[in-house]
Amino acid sequence: MLLAAAHARRESRRVVVPAANLAEAWLAAPAAAHGPSTLLAACDVKGGTCADESTIRADSSDAKLAGVPDLADVRGQAAAKRALVVAASGGHSLLLVGPPGTGKSMLARRLPGLLPPLDPDEALDVAGIASVSGCGFDAREYGRRPFRAPHHSASAGAIIGGGPRAHPGEASLAHRGVLFLGELPEFNRAVLESLREPLETGVIAIARAALRVEYPARFQLVAAMNPCPCGYYGDASGRCRCAPGEIARYRARISGPLLDRIDLRIEVPSLSSEELLDDVASGDAQWSTARIAARVRSARERQIARTGMLNVEIPGRDAQKLCRLDKHGRLLLAQARTKFGLSARGLHRVLRVARTIADLDEQTGPIGPVHLAEALQLRRAVE
Ligand SMILES: [Zn+2]
């Protein structure tokens, strides 16, 4: 219904649907959709708009706000929250490394709420993908940024798409939203490899004997992993007994080329006892999703105005030009390169992230050492 209504709107036609489907048709073609409840009323459809348009409009805008989890409700983890804000601002992919139960997936679920709302065309794209997928389209989700969290046992077909009828997969269902892969090293290696293409191009091509389809898949990747097979390497409890070889093998399950596309890698440690006892019932206003979403939005607008793209999209060859450092920044970078042995790709990631942090601070000039230093901090885990 949604796609039919969208098509009608593009052709400047009106669409008459059963009353029960009006809400869905209305989303794609407001003012052009009519949902008479009787045949007689259908005969009366001439021009103008249907009578209950105001109720429909109110319903859909309420739905967007309801049920968006608030960042302020997450206990402690200030560093991880900050990384989430940076990720939202520059569109950067994010890897969270920490023991089980530290809130990695809770944090990831709060990313869509920090992103600006979908514009009408994007909303239609997202709803269109859902409507041709196996899970179908839910009018209550219209206009929301998707959040998809497939299990690590999911097949390549389920994540990338495919099957006899070439359905879109989780990566496409996450289009314009967030694809969350918890327990990253547990995913099938071939599945992870196949995500490299959409991360680069924003598109997934599915080829079958009879047909070839392309589905959009411009998602923001958030991944989480334990630091070692038992999950407690580096934890203050000291309970990890994993051998260095086991830890290295576990981490090596994630390929370098995939890791290369993740700009931010941070540790999410166990909470201290003070943090555990902290009262967050009222929420920490500093981290309120509504407040941060406003900052994220202006940081993104600054990027679009400057380069026409989000910082994550800056190609490596342009990174040094578009993410210029001031004199002190250049000095710090030279030291960091010697100390951490930054590769060329690593360098580009740091520059993009530093630019985003400067944009969040409303800094328009070249990047200084403070913003660069934070960017260096935000890529320390798993190197
Ligand atoms: Zn361990």
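Residue indices begin at 1 and follow the sequence shown. One-based numbering, in listed order, for ligands and for the atoms of each. Everything numeric here is computed off the predicted structure, so don't read it as measured data.
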Nearest heavy-atom neighbours spanning Leu259 and Arg265: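 So the two residues come closest at O-NH2, 2.8 Å.
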Rounded distance (nearest 0.5 Å) linking atom CG of Leu107 with atom CD1 of Ile266: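 One gets 7.5 Å once the value is rounded to the nearest 0.5 Å.
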Taking only distance into account, with no hydrogens and no angle test, what donor-acceptor pairs under 3.5 Å do side-chain atoms of residues 225-233 form with protein atoms, sequence neighbours excluded?
none

Show me the donor-acceptor pairs, under 3.5 Å and distance only, between side chains in residues 93-102 and residues at least two apart or in other chains.
residue, atom, partner, partner atom, Å
Thr102, OG1, Pro99, O, 3.0
Thr102, OG1, Val268, O, 3.4

Using modelled atom types only, decide if a donor and an acceptor are shared between the side chain of Glu170 and the backbone of Leu179 within a distance under 3.5 Å.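 Absent.
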Listing by chain and number, which protein N, O or S atoms are under 2.8 Å from the Zn ion (ligand 1)?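 Counting only protein N, O or S atoms under 2.8 Å from the Zn ion (ligand 1), the list reads Cys228 SG, Cys230 SG, Cys240 SG, Cys242 SG.
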Sort and list the pairs that fulfil side-chain hydrogen bond (donor to acceptor under 3.5 Å, both in side chains) and have at least one residue in residues 315-327, not counting sequence neighbours.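 For residues 315-327, and leaving out neighbouring residues, there are no side-chain hydrogen bond (donor to acceptor under 3.5 Å, both in side chains) pairs at all.
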